[in-house]
2 protein chains.
Amino acid sequence: MSSKLFVSAQEVAERAGVSRSAVSRTFTPGASVSADTRKRVLEAADALGYHVNHLARGLMRNESGIVCLIVSDVATPYRSALLRELTIQLQNVGKVAMFVNTDRSDGSVDRALQQAIRYRADASIILSGLPDKSITQLCLRSGQRLVLINRDDDQPGPLKINLDDYESGGRIAMAFARAGCRTLAFANSEAGTPSLMGRERGFVAAAAKLGLEVVVERYGSTGYEAGKVLAQRMLTRADRPDAVFCATDLLACGFMDAARHQFGMSIPDQLCIAGFDDIEQASWSSFDLTTFAQPVVTMATKAVQWLVGTGDGEEAGEAHSVRLKAELVWRGSIRGG
Amino acid sequence: MSSKLFVSAQEVAERAGVSRSAVSRTFTPGASVSADTRKRVLEAADALGYHVNHLARGLMRNESGIVCLIVSDVATPYRSALLRELTIQLQNVGKVAMFVNTDRSDGSVDRALQQAIRYRADASIILSGLPDKSITQLCLRSGQRLVLINRDDDQPGPLKINLDDYESGGRIAMAFARAGCRTLAFANSEAGTPSLMGRERGFVAAAAKLGLEVVVERYGSTGYEAGKVLAQRMLTRADRPDAVFCATDLLACGFMDAARHQFGMSIPDQLCIAGFDDIEQASWSSFDLTTFAQPVVTMATKAVQWLVGTGDGEEAGEAHSVRLKAELVWRGSIRGG
DNA sequence: GCTCCGTTTGCACGCGTTTGCAAAGTATTG
DNA sequence: CAATACTTTGCAAACGCGTGCAAACGGAGC
């Protein structure tokens with residue numbers, strides 16, 4: 001390790017001929033410094049390449065400026081899009097994102113939150129997994145804010161952001177009915193998260209109300225490959241469906257590819273299909289997939305606003321839960337429209 | 001803000017009936033603590049929910065454990081895949097990733113590095129943009145390590161990880177020739193980064209050597225939409241190419257979709273096509289794209305190893321540059337094979 | 001019992017900040 | 001000119017931790 005480390009406020013103070021407090025105040029918005037000293041300090045700082053040590057500042061202020069993002073499956077289109085929006089908005093309010101990947105084991109969400117605590121993160125945003133109640137409590141007790149996105153939990157402390165999954169399932173079932181489809185299907189993964197199951201239940205319920213037959217298959221993860229397998233299972237059934245709602249756009253892409261290239265089906269003539277997320281690929285002309293758009297920017301906005309909020313009405317039991325509507329993006333994978 | 005903050009080592013010490021140093025040593029690997037005190041400390045820490053304050057620890061040790069990832073276009077398949085691998089490997093060596101998104105302005109790479117300095121990051125990995133030489137120097141002088149991935153720079157301090165872009169261009173030109181293609185094309189973006197230009201130059205040079213005509217078009221970014229536009233331009237030319245190498249898989253996907261759905265061409269019969277990156281979508285059966293795979297895991301491994309390395313031979317001028325081979329993944333978008 | 005040696009423990013200082021407090025300085029007013 | 005109000009500045013005390021140093025401890029060997 002090199003002997004010469006980072007330059008400290010002390011050195012800047014000496015060079016500028018002022019006290020250490022002066023340089024500190026120079027870099028503290030709203031502090032009382034004369035224009036003259038400020039200028040001298042800034043010159044000295046620039047010449048020496050000084051930058052405030054946010055570790056020390058966080059120590060003093062009890063506010064690190066760090067927000068921890070806890071994510072798995074980062075490489076997935078929907079996740080990375082949400083991630084992108086979150087980091088941008090966090091930066092806009094002067095926070096910095098710390099990234100914890102929970103791809104490995106599943107109990108690691110708890111370990112991730114411990115990491116957040118160790119670095120005294122001001123807040124944590126959880127995009128996957130569900131933390132143990134005790135860890136959640138520890139975070140809240142420590143003054144750390146928590147946001148759960150698309151994890152339908154009932155813990156009272158964190159802000160919970162969810163979509164109207166159930167209603168979306170209903171809406172798409174009606175769209176299928178309007179397109180003249182007779183036997184509906186829902187292609188789900190085995191993950192069984194509340195969002196996925198909400199879409200399934202809403203879809204099945206609406207189909208029943210419409211008097212339509214509906215079959216459900218669940219397999220694997222929420223990815224492309226699982227979609228292919230689901231297609232193979234469903235399209236070889238005796239009661240082959242003529243409309244399928246996939247719990248995820250990736251599933252839908254896999255399903256479409258298998259339906260076309262392995263079963264030679266034409267979409268939407270022989271098979272109507274819909275997805276959920278509105279990932280970029282859904283708009284590609286190979287797929288042209290009708291799907292529900294996750295309101296990524298709104299979700300990020302809500303999360304960030306809550307994080308930097310003054311905490312008014314925190315104990316007033318104010319709504320710690322936000323339900324957003326997933327907009328239906330109509331494309332060519334369903335007849336009519 | 002809640003009055004009760006994080007629990008400190010002091011409180012743990014009092015509860016365990018030991019000195020504060022004892023609890024510090026308990027959480028410092030290799031320090032001298034008796035089994036008895038360690039046990040008492042751990043119990044107290046667990047009961048109180050104590051976690052070492054890494055901000056303060058970083059202050060003492062001059063080593064924050066933070067590695068800064070500077071990225072733009074996070075939502076892009078290749079970028080998010082690399083990101084995923086980097087975060088996983090960083091976590092494996094006990095580092096934590098700090099994320100800086102430079103999507104907004106382009107001079108913001110410098111601001112991103114300043115952020116890294118403020119948080120006293122042990123190192124920064126730059127996946128996009130190119131920092132100003134003065135900032136780079138400041139980082140290095142401060143003992144911070146730097147990695148540039150696929151940014152072909154000549155600054156002496158940082159580790160530079162690059163691919164054999166030029167050679168890849170040559171290899172694919174030969175593959176086209178072997179497939180019996182007569183007029184080649186290269187579809188590039190206007191970004192003009194060294195990697196993209198390297199592929200282009202290698203391709204053009206090899207085509208010339210093979211005595212084949214080659215046309216080059218550049219347009220927009222490296223995304224899907226740009227690929228569609230490039231296809232429209234190229235496939236309406238008088239000398240319509242029968243083979244195209246796209247600088248990026250996303251470009252290739254857009255190109256393929258336009259060629260098929262707007263021009264009714266069949267691939268690979270009427271048009272051979274290849275890409276670069278081997279994003280997940282390249283393997284989807286809608287595309288089945290022959291492409292070069294970015295050795296993502298190797299890249300991440302090299303980067304992380306260098307970051308945690310002891311710095312041996314740091315001034316010995318040891319190779320600060322790594323060139324990796326992009327493996328050709330053969331699929332169905334080129335005839336023969 | 002005494003010495004010697006190795007292990008464990010506490011004290012106190014330092015890391016780079018922020019910030020309350022009081023002193024000093026400057027401007028305003030009567 | 002004196003009195004007052006306001007601004008600027010330095011001092012020193014935190015923040016939570018690691019660690020060198022010396023004291024205390026414990027056991028082995030004589």
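Note that the structure is predicted; figures quoted are calculated from it, not measured. Chain letters run A, B, ... following the sequence lines, proteins first and then strands; every chain starts at 1.
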Original post:
Hey, does the side chain of B:Arg120 come within less than 4.0 Å of C:dT17's phosphate (OP1/OP2), counting only N and O?
Top reply: yes
**OP:** Please answer whether the main-chain N or O of B:Gly58 pairs with a side-chain N or O of B:Ser64 as donor and acceptor at a distance below 3.5 Å.
**Re:** no
**OP:** Please report, rounded to the nearest Å, how far the P atom of D:dG18 is from the CD atom of B:Gln10.
**Re:** 14 Å
Subject >> Length of the line joining B:Asn62:CG and C:dT17:P, which is rounded to integer Å >> reply: 11 Å
Subject >> Any donor-acceptor pair under 3.5 Å from B:Thr87 side chain to B:Leu83 backbone >> reply: yes
Subject >> N/O (side chain, A:Ser24) to phosphate O (OP1/OP2, C:dT19) under 4.0 Å >> reply: no
**OP:** Would you mind reading off the distance between A:Leu59 atom CG and D:dC15 atom C1', rounded to a whole angstrom?
**Re:** 4 Å
Original post:
Nearest to the side chain of B:Ser32, which nucleotide is it out of D:dT8, C:dT7, D:dG18?
Top reply: C:dT7
Original post:
Are B:Tyr119 and C:dG16 close enough that a side-chain N or O sits under 4.0 Å from OP1 or OP2?
Top reply: no
Original post:
What does B:His54 touch in the nucleic acid at a heavy-atom separation under 4.0 angstrom: a base, only the sugar-phosphate, or nothing?
Top reply: nothing
Original post:
If you check every side-chain atom of B:Met60, which of D:dC15, C:dG10, C:dC15 has the closest atom?
Top reply: C:dC15
**OP:** May I ask you to evaluate whether A:Ser19 reaches the phosphate of D:dG10, defined as a side-chain N or O under 4.0 Å from OP1 or OP2?
**Re:** yes
Original post:
Does A:Thr37 place a side-chain N or O at less than 4.0 Å from the phosphate oxygens OP1/OP2 of D:dT9?
Top reply: yes
**OP:** Please determine, for the side chain of A:Ala9, which listed nucleotide (D:dG16, C:dT17, C:dT19) has the closest atom?
**Re:** C:dT17
Subject >> Shortest side-chain distance from A:Arg20, nucleotide among D:dA12, C:dC11, D:dC17 >> reply: D:dA12
**OP:** Look at A:Arg57 and C:dT18 and indicate whether a side-chain polar atom (N or O) is within less than 4.0 Å of OP1 or OP2.
**Re:** yes
**OP:** Quick one: sort the B:His320 and B:Trp306 rings into parallel, tilted or perpendicular, breaks at 30° and 60°.
**Re:** perpendicular
**OP:** For the side chain of A:Asn53, starting at C-beta, report the closest nucleotide among C:dT9, D:dC17, C:dT17.
**Re:** C:dT17
Original post:
What's the closest nucleotide to the B:Ser21 side chain, out of C:dG10, D:dT8, D:dG10?
Top reply: C:dG10
Subject >> Among D:dC17, C:dT9, D:dA14, the nucleotide that comes nearest once only the side chain of B:Val52 is considered >> reply: D:dC17
Original post:
If you find the nucleotide of DNA chain D closest to B:Tyr50 and the one closest to B:Arg25, which residue's nucleotide is nearer the 5' end?
Top reply: B:Tyr50
**OP:** Give a yes or no on whether the backbone of A:Leu127 and the side-chain of A:Arg79 come within a donor-acceptor separation of less than 3.5 Å.
**Re:** yes
